[in-house]
Amino acid sequence: DFVVVMPSMKDAVIQHLRDSFFADEPLNKAVGLCERGQPHAALERLCLATMTDGLSIAAMDGDKVLGVALNGILRHGDIEQSIEKIKQSTDEKFNKIFNILYTVSRDLNLFNTFEVDLIMECRIISVHENARGRGLAKELMKRSIDLARDNEFKLFKVDATGAFSQRICRSLSLEELKSVRYDEYCDESGTPIFRVPPPDHALCVMILKLP
Ligand code: ACO
């Protein structure tokens with residue numbers, strides 16, 4: 001079953017993310033953000049805030065969450081505000097990840113380029129280890145795009161950090177707006193900030209214009 005995430009499902013979704021996403025997402029994994037099953041306060045705050053937008057979708061097996069697409073609304077000034085927030089944080093691993101995500105998006109100047117006031121953003125797509133490779137993530141993304149259309153968003157965006165999420169985006173006709181190779185994203189001494197093993201090799205900002 002695919003359902004829109006309701007407030008009553010927040011705890012189950014967070015537990016799913018601790019078990020599946022927090023340790024497995026390519027950038028989280030590269031910096032060793034957290035162990036499987038462990039909480040991460042800052043990441044959970046972002047997930048909970050995204051869920052309050054009411055645009056997230058879960059794949060359920062009874063009352064068990066098999067996968068989620070956490071979708072939120074991006075408004076003018078949100079990215080700049082988030083960049084200021086991480087400057088005050090001392091969590092280096094978390095900051096590394098959100099620094100690349102936020103600065104790449106900020107530099108794309110999406111609101112002016114696409115002449116929109118609101119963007120629907122798929123911030124997290126995650127499927128439980130045991131349920132992967134069966135098309136669940138693709139279906140979650142497809143339904144997210146349908147929800148964006150139904151809610152009259154003109155732009156759907158994904159920061160796809162790995163090969164499989166990028167494959168899903170391409171198969172649903174999203175276009176690659178910007179790609180940053182991890183081996184070319186370096187600190188001042190020329191050392192790559194993320195060591196990401198294949199098949200994941202770049203962050204791709206993918207978008208779909210909705211008529
Ligand atoms: N090996 C080879 N190909 C794979 C694999 C694999 N292990 N897993 C998925 N694929 C391919 C599929 O073949 C499919 O391509 P196709 O349609 O051309 O056949 C495509 O990737 C999508 O497959 P799905 O079955 O829809 O994906 P799945 O349900 O397995 O979930 C996901 C993919 C969400 C990336 C899962 O692996 C996961 O939760 N990973 C950890 C979290 C993560 O990295 N999330 C994405 C980060 S970006 C973001 O969140 C916005």
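One-based numbering, in listed order, for ligands and for the atoms of each.
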J.: Under 3.5 Å, side chain of Asn151 to main-chain N/O of Leu147, donor-acceptor pair present?
T.: yes
J.: Nearest protein heavy-atom contact for atom 35 (C) of ligand 1: which residue, which atom, what distance?
T.: Phe164 CB, 4.0 Å
J.: Considering heavy atoms of the protein only, find what lies nearest to atom 22 (C) of ligand 1 and give residue, atom and distance to 0.1 Å.
T.: Ile168 CG1, 3.3 Å
J.: Regarding Gln15 and Asp11, is there a side-chain donor-to-acceptor distance under 3.5 Å anywhere?
T.: no
J.: Quick one, Met9 and Val3 - any side-chain contact, counting heavy atoms below 4.5 Å?
T.: yes
J.: Do Asp187 and Ser189 have side-chain N/O donor and acceptor atoms under 3.5 Å apart?
T.: yes
J.: Any salt bridge linking Lys29 with Asp200? Criterion: basic side-chain nitrogen under 4.0 Å from a carboxylate oxygen.
T.: no
J.: For Val158, counting its heavy atoms only, list the atoms of ligand 1 lying under 4.0 Å from any of them.
T.: 51 (C)
J.: Looking at ligand 1, does any of its N/O atoms fall within less than 3.5 Å of an N/O of Arg167?
T.: yes
J.: Please indicate whether any nitrogen or oxygen in Lys138 is less than 3.5 Å from any nitrogen or oxygen in ligand 1.
T.: yes
J.: Would Gly133 count as being in polar contact with ligand 1, using the rule that some N or O on each side must be under 3.5 angstrom apart?
T.: yes
J.: Answer yes or no: is there a donor N or O on one side and an acceptor on the other, between the side chain of Thr113 and the main chain of Leu108, under 3.5 Å?
T.: yes
J.: If we ignore angles and hydrogens, is there a donor and acceptor under 3.5 Å between the side chains of Asn28 and His40?
T.: no
J.: Compute the shortest N/O to N/O distance between Ile125 and ligand 1 and return yes if it is under 3.5 Å, no if not.
T.: yes
J.: Taking only heavy atoms of Ala137, which atoms of ligand 1 are found under 4.0 Å from at least one of them?
T.: 26 (O), 27 (O), 28 (P), 29 (O), 31 (O), 33 (C), 34 (C)
J.: Indicate whether the side chain of Ser20 and that of Glu129 have a donor and an acceptor atom separated by less than 3.5 Å.
T.: no
J.: If the cut-off is 4.0 Å to any non-hydrogen atom of Ile124, which atoms of ligand 1 fall inside it?
T.: 50 (O)
J.: Considering only heavy atoms of Asp24, which atoms of ligand 1 have at least one such atom less than 4.0 Å away?
T.: 41 (C)
J.: Quick check on contacts: which atoms of ligand 1 are under 4.0 angstrom from a heavy atom of Cys122?
T.: 51 (C)
J.: For the pair Asp24 and Arg132, find out whether any cationic side-chain nitrogen is under 4.0 Å from an anionic carboxylate oxygen.
T.: yes
J.: Between the candidates Glu25, His128, Glu139, Arg132, which shows the shortest non-hydrogen contact distance to atom 38 (C) of ligand 1?
T.: Arg132
J.: Is Arg123 close enough to touch ligand 1? Criterion: a residue heavy atom under 4.0 Å from a ligand atom.
T.: yes
J.: Closer than 4.0 angstrom, basic N to acidic O: yes or no for Arg170 and Glu175?
T.: no
J.: For ligand 1, which atoms sit closer than 4.0 Å to a heavy atom of Arg134?
T.: 25 (O)
J.: Which ligand 1 atoms does Pro26 reach within 4.0 Å, using its non-hydrogen atoms?
T.: 44 (O)
J.: Whether the Asn71 and Ser56 side chains hold a donor-acceptor pair (N or O, under 3.5 Å, no angle test) is what I'd like checked.
T.: no
J.: At what distance is the nearest protein heavy atom to atom 39 (O) of ligand 1, and which residue and atom is it?
T.: Val127 N, 2.9 Å
J.: So do the side chains of Asp159 and Met206 get within less than 4.5 Å of each other, counting heavy atoms only?
T.: no
J.: Under 4.0 angstrom from ligand 1, any heavy atom of Gly135?
T.: yes
J.: What protein heavy atom lies closest to atom 47 (C) of ligand 1? Include the residue and the distance to one decimal.
T.: Thr161 OG1, 3.3 Å
J.: Identify the closest protein heavy atom to atom 42 (C) of ligand 1: which residue and atom is it, and at what distance?
T.: Phe21 CD1, 3.6 Å
J.: Show which atoms of ligand 1 fall inside a sub-4.0 Å distance from at least one heavy-atom site of Asp159.
T.: 48 (S), 49 (C), 51 (C)
